[in-house]
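To start, the structure under review is shown below, and the notes come after it.
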Amino acid sequence: MQAVSPSHNLNSSSIIRPSKPRKLNRLNRFAVRCVHRYDSVQFPNGVGSSRADWQSSCAILSSKVFSQDQGSGEKSTPHSNSDHLAAAVNGHQTSLDLNLVPIDKNNKPQPPAQKPLSMTDLSPAPMHGSQLRVAYQGVPGAYSEAAAGKAYPNCEAIPCDQFEAAFQAVELWIADRAVLPVENSLGGSIHRNYDLLLRHRLHIVGEVQLPVHHCLLALPGVRKEYLTRVISHPQALSQCEHKLTKLGLNVTREAVDDTAGAAEYIANNNLRDTAAIASARAAELYGLQILADGIQDDSGNVTRFVMLARDPIIPRTDRPFKTSIVFAHDKGTSVLFKVLSAFAFRDISLRKIESRPHRNRPIRLVDDANVGTAKHFEYLFYVDFEASMAEVRAQNALAEVQEFTSFLRVLGSYPMDMTPWCPSRGDEPSL
């Protein structure tokens, strides 16, 4: 693949720099508005810098689509793509318009290009970490807050009431990073965040895995026999279902937005007949007692979080890297098999594959003279694979993938979380 260098027309007046960090909660959640501005980026000739090399790998489109857009039957080559293609770089509009996000053509200013994050950004020293503002979804005491602290020690954690508010906090310079969950070992994928990764222009710059340790919390002096209901996040309730039954609790179970929010709600409303499933830190913050510790059904309960930033890091080859992509395939049979074969042929291990409905093209009609009209669902595919975009085999794999896809975007190439993992302490709850 030939590296190319993007050229940006940027206006520094579009930068939003608050005088001091603001916390995004339910009282001021409209401080971050849904603003999506995506302009096309032209790629001229020449080999760019390291950052340009990386960004060029975030702009892979099908050569077939390029030929179609040019209105000629001439088959395009990787070189001609580099010369002429109006490419997609992490959310910018391209010659291939998938209508995945609203486009406001009247708003031209873009945040200025920043210095790419380096590896030192992922190993923050105390002085460095104290300067970072990290957005997460939830209230203080949430597991996402713990993940933010693990990813960036000594950072200033900024709570957001919704996942999208955390994305926008970074885009609007209210926060420097965002740490958001994408999958749980028991509950599976967090689909909302996969959709938001495509809708927004942030880059994945790292990952962190956090063991989940659930506790049953109530107001001081409350006994389990007096409880009539338990509230928590839906996944937390499902992850503790069997242990709650073993505790002999005859309670109704109600879902709320998040685990720490459930603890806060009990404390603020002095609910003596209600318990919450949340972390031990939530009990400490909101003055609750721990009725039962370690009530998750499976001690191997782990949530994977991704670290998001406005700019990508430069891929390296001196440590294990993971790369995340999303693509939409062309019409035809065995397309997904051909795409996955591009990785298998080069001995690249896939860590995850996830399909999501194509929002703007959910159904495709196929007319067949033999069987009549058939309806097929259209999907976007998210794939994580073990390789750095600095490796030739990864570049060649994506070059082959583009032959079978109508849209391909690199969400990030980042170091894998290699920290030793230990299961949550205690298999049985302490009563």
In Å, rounded to the nearest 0.5 Å, how long is the span from [atom1] of [X] to [atom2] of [Y]?
X: R253; Y: I231; atom1: CZ; atom2: CD1; value: 14.0 Å
X: H242; Y: Q296; atom1: NE2; atom2: CD; value: 13.0 Å
X: L271; Y: L227; atom1: CG; atom2: CG; value: 11.0 Å
X: L216; Y: L291; atom1: CG; atom2: CG; value: 5.0 Å
X: L336; Y: F404; atom1: CG; atom2: CZ; value: 11.5 Å
X: Y194; Y: L411; atom1: OH; atom2: CG; value: 9.5 Å

Can Y382 and S355 be said to form a side chain to side chain donor-acceptor pair (under 3.5 Å), step by step?
CA-CA 6 Å; Y382 294 79; S355 64; over 6 Å; no
Whether F385 and F343 hold their rings parallel, tilted or perpendicular, with breakpoints at 30° and 60°
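Rings of F385 and F343: tilted, as their planes differ by 30° to 60°.
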Do any N or O atoms from the side chain of H233 and from the backbone of Q235 form a donor-acceptor pair under 3.5 angstrom?
yes
Does the D273 side chain pair with the main chain of R229, one donor and one acceptor, at a distance under 3.5 Å?
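Side chain of D273 to backbone of R229, a donor-acceptor pair under 3.5 Å: no, none is there.
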Minimum heavy-atom separation for [X] to [Y], with atom names?
X: A147; Y: L210; value: N-CD2, 4.0 Å
X: A394; Y: A387; value: CB-CB, 4.1 Å
X: P159; Y: A157; value: CD-O, 3.6 Å
X: F305; Y: S144; value: CE2-OG, 3.4 Å

side-chain contact (heavy atoms from CB on, under 4.5 Å) evaluation trace for V339 with T405:
CA-CA 8 Å; V339 168; T405 58; 4.1 Å; yes
Answer yes or no: is there a side-chain heavy-atom contact under 4.5 Å between [X] and [Y]?
X: T259; Y: Y143; answer: yes
X: I190; Y: V182; answer: no
X: I325; Y: L398; answer: yes
X: L340; Y: L350; answer: yes
X: F321; Y: I313; answer: yes
X: L202; Y: E171; answer: yes
X: L180; Y: F167; answer: yes
X: I277; Y: V230; answer: yes

Under the ring pair (Phe, Tyr, Trp, His ring centres under 6.0 Å) rule, collect the residues that match up with Y265, sequence neighbours excluded.
none
Does [X], at its [atom1] atom, have more than 12 non-hydrogen atoms belonging to other residues, nucleotides or ligands within less than 6.0 Å?
X: R393; atom1: CZ; answer: yes
X: N269; atom1: CG; answer: yes
X: D347; atom1: CG; answer: no

Electrostatic pair K352-E354, nearest N-O below 4.0 angstrom
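So K352 pairs with E354 through a salt bridge.
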In terms of side-chain heavy atoms, does [X] have a donor or acceptor partner in [Y] at a distance below 3.5 Å?
X: S388; Y: Y414; answer: no
X: H200; Y: Q168; answer: no
X: D293; Y: H214; answer: no

In sequence, state the C-alpha distance, the side-chain angles, and the governing distance for E403 and K338, and then conclude on salt bridge (Lys or Arg N to Asp or Glu O under 4.0 Å).
CA-CA 10 Å; E403 299 178 7; K338 295 174 183 178; over 6 Å; no
Taken in chain and number order and not counting sequence neighbours, the residues that satisfy salt bridge (charged side-chain N to carboxylate O under 4.0 Å, His left out) with D384 are R304
Please evaluate residues E386 and K322 with respect to the criterion salt bridge (Lys or Arg N to Asp or Glu O under 4.0 Å), reporting the C-alpha separation (whole Å), side-chain torsions for both, the decisive distance (0.1 Å), and the verdict.
CA-CA 5 Å; E386 290 185 15; K322 181 185 294 184; over 6 Å; no
When Q137, K150, R281 are each screened for side chain to side chain donor-acceptor pair (under 3.5 Å) with E145, the one that passes is R281
Test the R133-W173 pair against the cation-pi criterion, namely NZ or CZ under 6.0 angstrom from the six-membered ring centroid and within 45° of the ring axis.
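Here R133 fails the 6.0 Å and 45° test against W173.
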Check the pair Q239, N301 against side chain to side chain donor-acceptor pair (under 3.5 Å), reporting the backbone distance first and the verdict last.
CA-CA 8 Å; Q239 292 167 7; N301 187 359; 2.8 Å; yes
